[in-house]
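Accompanying notes for the structure given below.
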Amino acid sequence: LINFTVTQSGLEDQLLADVVTAERPDLQQLKAQLTRENNQYMITLKELEDNLLARLSSAEGDFLKDEALVEGLEITKRTAQEIEEKVGQAKVTEIEINTARENYRSAAARAALLYFIINELYKIHPMYQVSL
């Protein structure tokens, strides 16, 4: 079963994204870009982890004598550190973006409240039943 009902907080979040897109498209684009980059970082880390585990499982004998494995470990470590730094910067930027987005929260909250008020008008009189 799929529940297609809308909650007030969920609608408020959707409307906040729409309001920010209308008022500050640069913020919304930056937020979308950060989300894409964070997803890409997670994919890269997973690939590095899988690659490292595959190399370790296929290594025979002394690990330290296998130069390709040691170099791979160093590259993986360096890449993971770079990604960690980028993720830290992205978190700071995301906090700044969310702080700026919160300036528009009141408009989104009012719009969500208005939706639910209009949706409940049918209880007063059937004439007010609307399909939103």
Side-chain angles (χ1 to χ4, degrees):
L1 290 175
I2 299 174
N3 185 356
F4 287 104
T5 60
V6 176
T7 63
Q8 190 164 349
S9 63
L11 181 60
E12 184 177 324
D13 289 338
Q14 291 176 12
L15 291 171
L16 178 62
D18 289 342
V19 169
V20 172
T21 300
E23 294 294 321
R24 295 278 310 270
D26 57 320
L27 282 180
Q28 196 64 20
Q29 289 173 350
L30 188 56
K31 184 163 179 64
Q33 179 184 352
L34 282 175
T35 303
R36 281 192 304 273
E37 288 175 357
N38 281 336
N39 290 339
Q40 187 60 43
Y41 295 151
M42 295 302 162
I43 290 169
T44 303
L45 284 175
K46 179 67 175 151
E47 289 172 353
L48 288 173
E49 179 183 324
D50 291 345
N51 187 12
L52 179 62
L53 290 174
R55 285 184 181 182
L56 286 173
S57 67
S58 66
E60 296 177 3
D62 189 13
F63 293 116
L64 298 176
K65 291 182 181 176
D66 188 354
E67 290 181 25
L69 178 62
V70 173
E71 288 176 9
L73 286 170
E74 290 175 4
I75 291 170
T76 300
K77 180 181 176 183
R78 222 176 306 122
T79 306
Q81 287 174 343
E82 291 172 4
I83 289 175
E84 187 177 330
E85 290 173 8
K86 290 177 182 178
V87 167
Q89 292 170 351
K91 285 183 181 181
V92 170
T93 305
E94 186 174 5
I95 289 170
E96 293 171 358
I97 290 170
N98 288 338
T99 302
R101 284 171 51 106
E102 286 303 311
N103 293 332
Y104 300 100
R105 173 76 60 186
S106 62
R110 287 186 194 124
L113 181 63
L114 184 61
Y115 170 83
F116 283 99
I117 289 172
I118 290 173
N119 200 32
E120 295 294 317
L121 280 177
Y122 76 92
K123 292 179 180 177
I124 296 173
H125 193 276
M127 176 185 75
Y128 293 116
Q129 189 168 0
V130 293
S131 174
L132 298 174

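Note that the numbering runs from 1 along the sequence shown for the chain. All values below come from the heavy atoms of this structure, side chains included, with hydrogens, waters and symmetry mates left out. Small disclaimer: the values here were computed from a predicted structure and weren't measured.
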- [ ] Determine, using the 4.5 Å side-chain heavy-atom cutoff (strictly less than), whether V70 and L56 are members of one ILVMFWY cluster.
- [x] no
Open item on the list: If hydrophobic clusters are built by linking Ile, Leu, Val, Met, Phe, Trp and Tyr wherever their side-chain heavy atoms come under 4.5 Å apart, do M127 and L121 end up in the same one?
Closed with: yes
TODO: Please identify each residue that fulfils salt bridge (charged side-chain N to carboxylate O under 4.0 Å, His left out) with D18, with sequence neighbours left out.
DONE: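 Scan of D18 (salt bridge (charged side-chain N to carboxylate O under 4.0 Å, His left out), adjacent residues dropped) gives none.
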- [ ] With sequence neighbours excluded, tell me which residues meet salt bridge (charged side-chain N to carboxylate O under 4.0 Å, His left out) with E102.
- [x]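 With sequence neighbours excluded, E102 shows a salt bridge (charged side-chain N to carboxylate O under 4.0 Å, His left out) to R105, given in chain and number order.
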Open item on the list: Test side chain to side chain contact (heavy atoms under 4.5 Å, CB included) on R101 and R24; report intermediate values, then the result.
Closed with: CA-CA 9 Å; R101 284 171 51 106; R24 295 278 310 270; over 6 Å; no
TODO: List, by chain and then residue number, the residues other than Y104 in its hydrophobic cluster (Ile/Leu/Val/Met/Phe/Trp/Tyr, side-chain heavy atoms under 4.5 Å); write none if there are no others.
DONE: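 When side chains under 4.5 Å apart are linked, the cluster holding Y104 also contains L16, V19, V20, L27, L30, L34, I97.
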At what distance, to the nearest 0.5 angstrom, does [atom1] of [X] lie from [atom2] of [Y]?
| X | Y | atom1 | atom2 | answer |
| --- | --- | --- | --- | --- |
| L73 | L48 | CG | CG | 11.0 Å |
| N103 | N98 | CG | CG | 11.5 Å |
| I117 | Y128 | CD1 | OH | 14.0 Å |
| I83 | E37 | CD1 | CD | 11.5 Å |
| Y115 | N119 | OH | CG | 4.5 Å |
| T21 | D26 | OG1 | CG | 10.5 Å |

Which pair of heavy atoms, one from [X] and one from [Y], lies closest together, and at what distance?
| X | Y | value |
| --- | --- | --- |
| A112 | L11 | CA-CD2, 3.9 Å |
| F116 | Q8 | CE1-CA, 3.3 Å |
| N38 | A90 | OD1-CB, 3.9 Å |
| A54 | S57 | O-OG, 3.0 Å |

TODO: For the residue pair R110 and L114, establish whether any side-chain heavy-atom pair is separated by less than 4.5 Å.
DONE: no
Open item on the list: Does E84 have more than 12 heavy atoms from other residues, nucleotides or ligands lying within 6.0 Å of its CD?
Closed with: no
Open item on the list: For E120, I'd like to know if atom CD has over 12 heavy atoms of other residues, nucleotides or ligands within 6.0 Å.
Closed with: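 Yes, enclosed.
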Task: SB check E94 K31 (cutoff 4.0 Å) - done: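 The answer is yes: the pair qualifies as a salt bridge.
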- [ ] Applying salt bridge (Lys or Arg N to Asp or Glu O under 4.0 Å), run through E74 and K77 and close with a yes or a no.
- [x] CA-CA 5 Å; E74 290 175 4; K77 180 181 176 183; over 6 Å; no
Open item on the list: If only side-chain N and O atoms count, and only distance matters, is there a donor-acceptor pair under 3.5 Å linking E85 with Q81?
Closed with: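 Short answer, no.
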